[in-house]
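Nothing fancy with the numbering, it's 1 onward along the sequence.
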Amino acid sequence: PRMSLDALQMFASLGGLVIATIGLPLLYVQLRDVKRTLRSSTHAAIYQQAADVRAHLVEYPQLRRYFFDGVDINADHPEYDRVVTLAELFLNYLEHIAVLGDSFGRETRPALARFTRTTLARSPILQRHLAANRASYSDALQRYIERD
């Protein structure tokens with residue numbers, strides 16, 4: 001006996017429903033795992049940038065004061081180029097936090113914004129370099145700094 005077209009369509013619909021019922025939860029689990037992997041990769045990249053900045057400060061501890069103690073440096077200082085290069089690394093790190101900070105969870109955004117503002121407040125070279133090179137940094141960093 002031949003199956004009617006209506007019965008065939010009903011079985012096809014039921015088959016699609018079964019596939020969707022099984023497939024959607026699997027897709028959700030996969031997407032959740034992808035999100036977790038991306039978040040982990042983002043955190044690792046941000047932490048690596050922080051480690052790079054710290055490694056330079058460990059190698060050149062005399063430069064720490066230009067980033068944490070409010071000490072300014074003049075262009076004629078022998079360490080000026082090294083300090084500016086480190087300032088660029090530091091600002092890239094802060095920008096990464098500003099752009100990807102939500103990956104840490106929205107509840108941490110105020111703490112990250114405070115960290116960024118405090119870091120800039122303690123370092124005249126960071127402030128000056130950011131102000132002089134705004135086009136080199138994302139608008140996200142500026143908005144992030146201005147948020148309360």
Side-chain angles (χ1 to χ4, degrees), residues 9-148:
Q9 286 177 336
M10 182 185 73
F11 283 123
S13 294
L14 284 174
L17 182 61
V18 168
I19 290 171
T21 303
I22 294 170
L24 286 176
L26 289 175
L27 181 62
Y28 173 77
V29 168
Q30 287 177 336
L31 288 175
R32 189 183 66 204
D33 289 345
V34 166
K35 181 180 177 182
R36 199 175 291 143
T37 299
L38 286 173
R39 180 175 286 173
S40 178
S41 295
T42 299
H43 295 182
I46 289 173
Y47 291 135
Q48 183 58 52
Q49 282 184 301
D52 290 345
V53 170
R54 282 192 304 271
H56 282 84
L57 292 174
V58 167
E59 188 172 350
Y60 303 100
Q62 71 277 13
L63 305 182
R64 184 176 176 76
R65 60 189 171 156
Y66 302 116
F67 298 97
F68 297 101
D69 299 334
V71 175
D72 203 359
I73 188 168
N74 296 320
D76 59 351
H77 191 284
E79 294 276 23
Y80 183 78
D81 289 338
R82 190 181 315 269
V83 169
V84 168
T85 300
L86 189 53
E88 291 168 347
L89 286 173
F90 215 134
L91 287 169
N92 288 341
Y93 164 59
L94 296 178
E95 182 175 42
H96 206 167
I97 288 173
V99 171
L100 300 173
D102 281 343
S103 73
F104 286 97
R106 292 201 180 269
E107 66 279 357
T108 63
R109 183 167 277 284
L112 293 172
R114 280 191 309 273
F115 168 74
T116 302
R117 284 192 301 270
T118 300
T119 299
L120 285 168
R122 288 194 250 167
S123 177
I125 189 66
L126 288 178
Q127 294 169 28
R128 201 168 51 250
H129 193 73
L130 179 59
N133 298 284
R134 282 228 191 264
S136 298
Y137 299 96
S138 70
D139 292 340
L141 179 58
Q142 187 60 39
R143 285 191 306 271
Y144 199 77
I145 293 166
E146 294 170 353
R147 278 191 195 160
D148 287 331

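- In this structure, Thr116 and Leu141 have side chains that are in contact, with non-hydrogen atoms separated by less than 4.5 Å.
- Atom-to-atom distance recorded for Ile73:CD1 and Asp81:CG is 9.0 Å, nearest 0.5 angstrom.
- With Thr118 contributing its side chain and Arg114 its backbone, the two residues share a donor-acceptor pair below 3.5 Å.
- Ring planes of Phe115 and Tyr93: perpendicular class, angle over 60° (limits at 30 and 60°).
- Gln127 approaches Ala121 most closely through the heavy-atom pair NE2-O, 3.3 Å.
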Evaluation steps, side chain to side chain contact (heavy atoms under 4.5 Å, CB included), between Leu126 and Leu130: CA-CA 6 Å; Leu126 288 178; Leu130 179 59; over 6 Å; no

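- Looking only at side-chain heavy atoms (C-beta outward), Gln49 and Ile97 stay at 4.5 Å or farther from each other.
- A donor-acceptor pair under 3.5 Å is absent between the side-chain atoms of Glu79 and the main chain of Leu63, judged by distance alone.
- Minimum interatomic distance between Ala98 and Ala140 (heavy atoms only, all atoms of both residues): CB-O, 3.8 Å.
- For the residue pair Gly70 and Pro124, the shortest heavy atom distance occurs at O-CG, 3.6 Å.
- Geometrically, Arg82 engages Tyr60 in a cation-pi contact, judged by NZ or CZ lying under 6.0 Å from the ring centre and within 45° of the ring axis.
- Looking only at side-chain heavy atoms (C-beta outward), Tyr80 and Val84 come within less than 4.5 Å of each other.
- Glu95 places a side-chain N or O within donor-acceptor distance of the main-chain N or O of Ser138, the cut-off being under 3.5 Å.
- Heavy-atom neighbours of Arg122 CZ from other residues, nucleotides or ligands within 6.0 Å: above the threshold of 12.
- Atom NE2 of His56 has 12 or fewer neighbouring heavy atoms from other residues, nucleotides or ligands inside a 6.0 Å radius.
- Leu86 has its side chain out of reach of Ile125: every pair of non-hydrogen atoms, C-beta onward, lies at least 4.5 Å apart.
- When all heavy atoms of Pro25 and Ala20 are compared, the pair lying nearest together is CD-O, 4.0 Å.
- Considering only heavy atoms from C-beta on, Leu120 comes within 4.5 Å of Leu91 through its side chain.
- Using modelled atom types, one finds no donor on one side chain facing an acceptor on the other under 3.5 Å when comparing Glu88 with Asn92.
- Considering all non-hydrogen atoms of both residues, Ala131 and Arg134 come closest at O-CG, 3.7 Å.
- Here the CG-CZ distance, from Leu94 to Arg117, works out to 12.0 Å after rounding to the nearest 0.5 Å.
- For the pair Ser123 (side chain) and Tyr66 (backbone), a donor-acceptor distance under 3.5 Å is present.
- The CZ atom of Phe90 lies 7.0 Å from the CG atom of Leu57; values are rounded to the nearest 0.5 Å.
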